[in-house]
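Before any comments, here is the structure.
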There are 2 protein chains.
Amino acid sequence: MTLGRDELGHRSETVRRANLSAIVRALHEDGPLSRSDLVGRTGLTRSAIRALIGELAAGDLVRESPATLDGTPGRPSPLVQPDPEGAFALALEIAVDSLAAATVGLGGRVFDAIRTELAPGRTDVDDIVADLADLATSVLDRRPSPAGLAGVGVAVVGVVRRDGLVSMAPNLGWRDEALGERLAGALGTVVPMVFANEADLAALAEHRRGAARGVDDVVLVWGSVGVGGGLIVRGEPLTGAAGYSGEVGHLPVNPAGVACRCGSTGCWETEVGTGAVIRRAGYPAEGGREALEAVLRQAEEGSPRAIGALAETGRWLGIGLAGLINILNPRLVLIGGRLAPTYPFVRATLEAELDRRVLRAARQLVRVTPASLGLDAPLLGAAELALEPLLIDPAAWLRPRGVMTELESA
Amino acid sequence: MTLGRDELGHRSETVRRANLSAIVRALHEDGPLSRSDLVGRTGLTRSAIRALIGELAAGDLVRESPATLDGTPGRPSPLVQPDPEGAFALALEIAVDSLAAATVGLGGRVFDAIRTELAPGRTDVDDIVADLADLATSVLDRRPSPAGLAGVGVAVVGVVRRDGLVSMAPNLGWRDEALGERLAGALGTVVPMVFANEADLAALAEHRRGAARGVDDVVLVWGSVGVGGGLIVRGEPLTGAAGYSGEVGHLPVNPAGVACRCGSTGCWETEVGTGAVIRRAGYPAEGGREALEAVLRQAEEGSPRAIGALAETGRWLGIGLAGLINILNPRLVLIGGRLAPTYPFVRATLEAELDRRVLRAARQLVRVTPASLGLDAPLLGAAELALEPLLIDPAAWLRPRGVMTELESA
DNA sequence: ATCATTTGGAAGAGAGGAACACAAACCACG
DNA sequence: CGTGGTTTGTGTTCCTCTCTTCCAAATGAT
């Protein structure tokens with residue numbers, strides 16, 4: 001997520017790159033802005049902004065439109081916004097029981113999105129790659145200028161490396177599958193493709209466009225069948241050494257507890273995963289999504305058993321979160337995915353456990369709320385991931401699409 | 001630890017700042033380098049390096065010495081190194097049973113260092129501040145040019161905010177003590193003063209000059225009376241929202257366990273802290289350092305009980321570390337502080353627990369080793385912390401010490 | 001002596017800053 | 001209801017800062 005240059009030296013070219021990046025990023029994260037807004041935000045002069053915007057507009061990354069008259073005095077400042085015919089990302093998602101694809105432009109605008117149920121048992125890599133490629137084609141075909149594709153981001157429900165090597169995806173039965181290579185082959189694209197875990201991407205999306213907006217230290221707990229985590233540190237996703245970070249589902253919280261599908265015992269997800277919730281409420285552990293929804297309905301109707309099951313889940317949520325908060329000192333904790341709707345019922349016991357277990361200083365600083373983007377968060381995060389290279393270095397995008405310089409054509 | 005500018009715009013001045021910073025940082029982290037080395041490392045041209053070095057030399061930050069003839073052909077390149085008469089940091093430490101102070105120059109050279117035992121019971125803030133100020137004076141007085149003091153860093157055994165507000169220091173019995181203000185008053189310095197937890201600073205030191213050198217994702221477990229943690233993420237310390245991060249000692253690992261002094265139950269430090277180790281070996285929990293050393297001696301002599309106590313500690317170390325590794329996906333885990341010498345005896349059970357509990361992908365990537373800097377690591381880390389502003393913006397240091405510009409004198 | 005490597009310095013190019021004239025909106029006042 | 005003042009912004013030109021390029025000279029190994 002950083003520039004990734006070995007060489008630390010800066011030159012005037014670096015300055016231009018950084019300034020183009022600052023402008024594109026500001027427009028992407030905060031929507032249409034007037035030139036004046038950009039002056040204020042970057043600290044650059046009007047002259048500089050003007051030249052930079054001009055370059056971006058020439059490369060079809062942004063577009064200027066007449067100022068909106070908002071009643072303030074002074075000469076109106078033209079509005080700068082991402083060009084909807086310009087660059088966009090392809091976001092893909094392999095979820096527990098569905099596949100999804102979307103095209104998303106700079107600024108986070110979703111052009112087209114599809115999600116299809118994944119037939120039970122259809123977990124072979126080749127099948128999923130084929131289905132995903134079909135979805136991708138169908139959203140890509142609806143874009144007027146397919147050449148605007150800047151990158152592909154893929155959210156995967158499993159432990160996945162940045163390059164698409166899936167080390168483990170228990171829900172799919174995968175182990176060491178080279179998803180990246182297969183998908184690149186099936187899509188035949190030349191643009192960069194990046195992979196990440198669904199919870200990591202949900203956190204990225206919530207940070208950019210959801211409940212964690214503007215908060216630089218965030219922990220997201222993402223419930224699906226298992227439990228994943230997405231961490232934002234210093235305003236950026238924490239990926240770890242290889243992208244395997246955030247596997248909070250396997251935090252040991254109860255060494256005397258039950259066996260986890262990972263081979264260990266007492267992992268957090270054995271206490272707060274879907275299976276644990278519905279088991280406590282009296283459903284068979286394999287009940288899945290429907291059973292969880294049933295428990296929620298019953299809780300809303302006042303069923304003591306359902307309410308009790310959720311409260312106990314909240315207690316364990318609090319225990320695990322206490323550890324995360326003590327370790328990371330976040331300002332915000334988000335409860336997302338299938339856990340989000342349980343929030344009203346887990347809240348009390350969860351907070352009580354935090355009161356007991358989190359050091360006072362960190363406790364005072366942290367707030368727990370449900371996530372705001374719903375189940376599409378990983379897909380939106382995949383789009384953010386795919387756009388990242390463009391945000392870091394818009395100049396690289398402008399250059400090859402413009403007129404060749406003398407030097408390059410020589 | 002980052003630049004901390006609100007405004008994202010870059011200008012030519014930014015370039016120079018960044019390049020000066022790159023040079024000073026390279027010299028600080030990797031010792032004396034020839035101009036050519038710097039050319040290679042920064043990617044800048046000789047001319048640029050020449051001018052930058054000239055500016056740094058004029059400001060007494062670096063010094064050029066004749067080239068060492070190493071038998072390679074070509075004109076010899078002068079060696080550039082931090083000026084030992086130039087800038088330096090004052091590092092202070094409040095440890096469990098001692099106080100320490102040191103002056104440390106750019107490049108990590110320790111000029112003078114003192115450590116004194118803390119008399120049992122002498123834990124009043126005023127007393128400690130007075131003692132610390134005495135130590136500081138004694139090392140500062142031995143520097144030829146006291147004006148070279150660039151910053152003060154303070155390592156504290158407790159939960160402390162960057163500005164020196166100690167939220168909690170159980171070993172000292174402190175709660176919400178404004179250590180920063182008091183110490184600033186006692187020292188009477190005008191240079192910036194920064195505080196951090198001892199484990200965080202030990203991690204910083206190990207990352208810069210110890211066993212974690214060159215590794216960008218690191219977890220350090222620091223044993224003293226309790227257990228602290230220092231996390232390095234993307235090559236930088238993870239401080240969290242307010243500097244309270246890394247309190248791994250209070251990771252809940254055993255909800256059915258014993259009460260912790262923090263008020264919770266089953267915290268990691270109740271299983272791996274000094275108290276737990278010596279209790280398992282048959283000593284009273286208050287035995288402290290001497291008892292721990294006795295257990296180690298007995299283990300070395302082959303005592304089954306001591307060996308068993310350490311092995312069981314290793315098991316719990318592994319359980320907690322498994323959580324940290326699953327969350328953070330580090331490349332390296334360091335065992336430091338009073339836990340370091342136990343490493344040979346905890347290793348086997350620790351690694352076995354990791355094999356069981358860490359996801360395979362992350363497990364393959366991580367190595368566990370003892371830390372290398374010993375008990376002075378927090379003090380050295382405090383020096384690194386104090387020097388950080390200088391590394392980030394050497395120009396700010398050069399400017400006020402040089403000749404005033406027309407504009408400034410006007 | 002030759003070669004590889006580096007230093008030193010002058011001229012050039014890229015990028016943003018500063019200053020000035022001018023433009024377009026709101027607002028108050030006659 | 002028009003008119004002029006005020007405010008906020010744009011366009012343009014020239015300036016400054018910083019790195020790069022290029023050429024000549026220096027230095028030590030072979």
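For clarity, every value in this text was computed on a predicted model and none was experimentally measured. We name chains A, B, ... by the order of the sequence lines, and we start the count at 1 in each one.
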Can you tell which of C:dG9, D:dT27, D:dC19 lies closest to the side chain of B:Ser47?
C:dG9

Choosing from C:dA25, D:dT10, C:dG17, which nucleotide comes nearest the side chain of A:Ser36?
D:dT10

Grab the [atom1]-[atom2] distance between [X] and [N] for me, whole Å please.
X: B:Glu13; N: C:dA18; atom1: CD; atom2: P; answer: 10 Å
X: A:Ile53; N: C:dA15; atom1: CD1; atom2: C1'; answer: 16 Å
X: A:Arg75; N: D:dT10; atom1: CZ; atom2: P; answer: 7 Å
X: B:Arg11; N: C:dG14; atom1: CZ; atom2: C1'; answer: 16 Å
X: A:Leu38; N: D:dT8; atom1: CG; atom2: C1'; answer: 16 Å
X: A:Arg16; N: D:dC17; atom1: CZ; atom2: P; answer: 20 Å
X: B:Arg50; N: D:dT20; atom1: CZ; atom2: C1'; answer: 14 Å
X: B:Ile49; N: C:dG9; atom1: CD1; atom2: P; answer: 17 Å

Begin from the C-alpha positions of B:Arg17 and B:Asp393 and carry the test salt bridge (charged side-chain N to carboxylate O under 4.0 Å, His left out) through to its verdict.
CA-CA 6 Å; B:Arg17 206 181 3 229; B:Asp393 188 5; 3.7 Å; yes

For [X] and [N], is the shortest distance between a side-chain N/O and OP1 or OP2 below 4.0 Å?
X: B:Ser77; N: C:dT7; answer: yes
X: B:Asn19; N: D:dT18; answer: no
X: B:Ser12; N: D:dT18; answer: no

May I ask you to establish whether A:Arg142 and A:Phe111 are in a cation-pi arrangement, using a distance under 6.0 Å from NZ or CZ to the six-membered ring centre and at most 45° from the ring axis?
no

Just checking, A:Arg143 and A:Phe88: is the charged tip under 6.0 Å from the six-membered ring centre and within 45° of the axis?
yes

Using a 4.0 Å heavy-atom cut-off, does B:Arg35 contact any base of the nucleic acid, only the sugar-phosphate backbone, or nothing at all?
sugar-phosphate

Using a 4.0 Å heavy-atom cut-off across all strands, classify A:Arg46 as base, sugar-phosphate, or nothing.
base

Can any side-chain N or O of B:Ser34 pair as donor or acceptor with the backbone N or O of B:Ser77 at less than 3.5 Å?
no

Would you tell me whether B:Glu384 and B:His28 have side-chain atoms, one donor and one acceptor, within less than 3.5 Å of each other?
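Side chains of B:Glu384 and B:His28: pair found under 3.5 Å.
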
Short N-O contact, B:Asp30 and B:Arg41, less than 4.0 angstrom
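So B:Asp30 pairs with B:Arg41 through a salt bridge.
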
At what distance, to the nearest 0.5 angstrom, does CG of B:Leu56 lie from CD of B:Glu64?
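If I round to the nearest 0.5 Å, the distance is 10.0 Å.
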
Both atom distances under 3.5 Å, Watson-Crick or G-U wobble: I'd like the secondary structure of DNA chain D as a dot-bracket string, with | for pairs made across strands.
||||||||||||||||||||||||||||||

